[in-house]
Amino acid sequence: MTRPSRHAAGRSPRRTAEAPSRGIAPTVPTAPTAPTAPTAPTAPTAPTAPTAPTAPTGPVASTATAARPAEVTERAARLDRLSVVIVVPAVLALAAGLWDLGGPPPWRDEAATVSAVGRTLPQLAHLLWSVDAVHGLYYALMHVVAGLSGTAEVALRIPSVVAGALAAAGTGAIGRALGAPRAGLYGGVLLALMPIFSRYVQEARPYALTAAAAVGVTLLFLRVLRSPTSAVLAAYAVALTVLAYLNLFAFLVVGAHGVVLILSRGPLLRWACAATPALAAVAPLAWFGSRQSAQVGWIPRPAADDVGRLAVQLFGDLGGATGPGVAPPTWALAFFGLAYAAVVGVRRARAARRMEEPAEERAPEPAPEQAAERADGPGARAERPVEERAGGPGARAETPGHECAGTPAALVRLTLPWLLVPALVLLAASWTVHPVYVFRYVFCCVPAAALLAGAGLAALPPGLAAAVLTAWLGLSVPGQLATRGPDGRQDDPRPVMALLAAEAQPGDGVLFVPAKVRKYETVYPSVFGRLRDVALARSPEQDGSFPGREVGARVLAARLDGLRTLWVVGHTGKNVLPARRRALVTRAFAPAGRWTFRGLFVDRYVLRHTHRSNGAGVGK
């Protein structure tokens, strides 16, 4: 009798687990609300009431269903805390950076750092006036570090490790500032453990500092979007200038910020008021660096495989033969994050359009809260989960506990230009004007890829996200080991130094091919200090350069006279002596051995009248 009367009134019973109808009173956890209903004389259903006490799990189940979303919300809130989002990526990046920090051999660019920072300030200024002005700020900072801790490779790499930790922490902070703290947390963790990130964090060069500066500049850019005050604009302009003086090509990040402003309809004019002074401050460096373009004269024009390698390296891999690596799963996570953001954006746009419809055009349906209260009684609303009270499943991404599960469109608008604009501009300039593209010049864009992949992880259920992250970490191990091994750099000087230390005698001569290989003299003074640099006319410190100035053929012939053994050390890309020098050497010396290592070779020549060939003249 009761049920027909309720259906006649047009109130259908609810069938959800949280608030079932009274038509199934024996299983209703909210049975105590029955006396408040106007259908009190439902005597036929009264005998079923004693089943409630015999089912002690009824109230417990009610409490559990109400507590479970609260527990999930509390757990999510703990993960979304600023301390967690920043500290966890920073600690992981610091641990990965310190792991076997002295393992990777110092390669030719790190030898340039050692050569530069070991000079006096006047000598360093002379060097920057002649070459490498674009790295002046980094060399000045490292000159201070070298004065405090020496020029050992581990000591000079520590600033890069610290910068890597700051970059990972800042990546998490960017995600949180965009309303996606879980995406920031995952993105910071992925960045900290990417093999390509460890590659540049564990070397004494400015690229890890550049990545940290790019992340800091982007955080300030988000402040510009929210509150473009004079102080924020001034800080942003200064940060942009510092970024460019660490790496001139990293200034292209400002172009990505301009694209973001256009897409988000931000304060374009005020941003230009900050970017313009920064551009003016960077212009002298760009002009001066263009006069030293010979420093990048070795860069070849990018080929198709360079573009493919760029896609691999931007998403975490070294680009070498280290197995499948992390790039494929990172691509998949990034694409999933983009797709999820698109779906969420479409749903929110539709909801916004429905809210903007005139009231008379909308169906006269009761609000969810009112309908629920009429169906379940006034006390049932407090017992329903938070997300249902916030508007049903469709509003789940808007509640604090689930906000990070939805990728904000702002994150996509920020990361895509940051990821693509600098690389595309350098590639276009290299194809049309002059080759200037090298991956390390766009290494500062890797945090954008990590954020996109982190957004994809945040869109997954927590258990699945943990499983995917674990699999990703397993795939990263070969790359992490490779970047710390002898194949992790372009050249490996340690076997060369071991050979010279064991075989070369004090007073033997040494030639460098090309002359810039002489930079290794400052890295291994105990080895080269015993040998005579027969071609050196003016030291690198006096000449204001890395290779120094060398003598002509006549002086070289005089210096070769009297030597019993000559060692030639060079890069494998240029593994022969120039014709005139080779004629001078072979006139009095005979080849007695050749050793080839990664990126470097060693030739041994002995005087012809003392040479005794035993058929084993070629080394390994």
Side-chain angles (χ1 to χ4, degrees), residues 102 104-163 200-210 213 242-250 284-285 288-299 438 440-441 443 489-491 493 497 512 514-529 533 536 538-550 569 571 599:
W107 66 300
R108 61 192 70 173
D109 279 15
E110 288 187 288
T113 299
V114 176
S115 175
V117 303
R119 308 184 187 203
T120 64
L121 285 178
Q123 289 173 341
L124 180 58
H126 188 195
L127 172 71
L128 299 179
W129 183 261
S130 305
V131 294
D132 243 4
V134 292
H135 292 146
L137 178 59
Y138 176 73
Y139 288 153
L141 293 173
M142 296 305 295
H143 179 79
V144 177
V145 173
L148 295 174
S149 57
T151 58
E153 57 200 50
V154 171
L156 294 182
R157 288 170 176 172
I158 287 292
S160 294
V161 174
V162 174
Y200 289 99
V201 162
Q202 289 195 324
E203 72 171 28
R205 294 300 286 169
Y207 305 111
L209 275 71
T210 302
V242 171
L243 174 65
Y245 274 79
L246 283 172
N247 183 0
L248 184 60
F249 292 121
L285 177 66
F288 202 72
S290 66
R291 297 179 56 196
Q292 301 173 352
S293 58
Q295 287 297 104
V296 293
W298 58 270
I299 299 178
V438 179
R440 54 183 176 267
Y441 296 162
F443 172 69
R489 304 294 186 269
Q490 287 178 260
D491 45 39
M497 303 307 133
F512 296 102
K516 60 184 179 182
V517 179
R518 187 173 282 109
K519 290 182 292 189
Y520 281 115
E521 284 187 329
T522 60
V523 183
Y524 299 99
S526 61
V527 174
F528 290 106
D533 191 346
L536 183 63
R538 187 178 176 88
S539 71
E541 293 78 11
Q542 294 172 333
D543 191 52
S545 65
F546 290 117
R549 189 173 302 177
E550 296 194 329
V569 181
H571 288 152

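Residues take their numbers from the sequence shown, with the count starting at 1. Just so it is clear, the values below take in all heavy atoms, side chains as well, and ignore hydrogens, waters and symmetry mates.
Formation of a donor-acceptor pair under 3.5 Å by the Thr113 side chain with backbone atoms of Arg205 is not found in this model. Gln123 contributes a side-chain N or O that, together with a main-chain N or O of Thr120, makes up a donor-acceptor pair within less than 3.5 Å. At least one donor-acceptor pair under 3.5 Å links the side chain of Ser130 to the backbone N or O of Gly544. Panel note: side chain Gln202, backbone Pro104; no donor-acceptor pair is recorded below 3.5 Å.
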- Which is it for Phe288 and Trp129 under the side chain to side chain contact (heavy atoms under 4.5 Å, CB included) test, yes or no, and what are the steps along the way? CA-CA 9 Å; Phe288 202 72; Trp129 183 261; 3.5 Å; yes
- Can you check side chain to side chain contact (heavy atoms under 4.5 Å, CB included) on Asn247 and Val134, steps first, answer last? CA-CA 7 Å; Asn247 183 0; Val134 292; over 6 Å; no
- Please lay out, stage by stage, how Phe443 and Phe249 fare under the test ring-ring contact (aromatic ring centres under 6.0 Å, His included). CA-CA 10 Å; Phe443 172 69; Phe249 292 121; over 10 Å; no
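Aromatic pair Phe528/Phe512: centroids less than 6.0 angstrom apart.
With hydrogens and angles left out, the side-chain atoms of Tyr139 and Asp132 include a donor and acceptor closer than 3.5 Å.
Judged by the 6.0 Å distance and 45° axis criteria, Lys516 is not positioned over the aromatic ring of Phe546.
The pair Arg440-Asp109 meets the salt-bridge criterion, with a side-chain N (NZ, NE, NH1 or NH2) lying under 4.0 Å from an Asp/Glu carboxylate O.
Legend: residues meeting salt bridge (charged side-chain N to carboxylate O under 4.0 Å, His left out) with Arg119, ordered by chain and number and at least two apart, are absent. Judged as a side chain to side chain donor-acceptor pair (under 3.5 Å), and not counting sequence neighbours, the contacts of Tyr520 are Asp491.
Each side chain to side chain donor-acceptor pair (under 3.5 Å) pair with one or both residues in residues 152-163, not counting sequence neighbours, appears once here: Glu110-Arg157, Glu153-Arg494.
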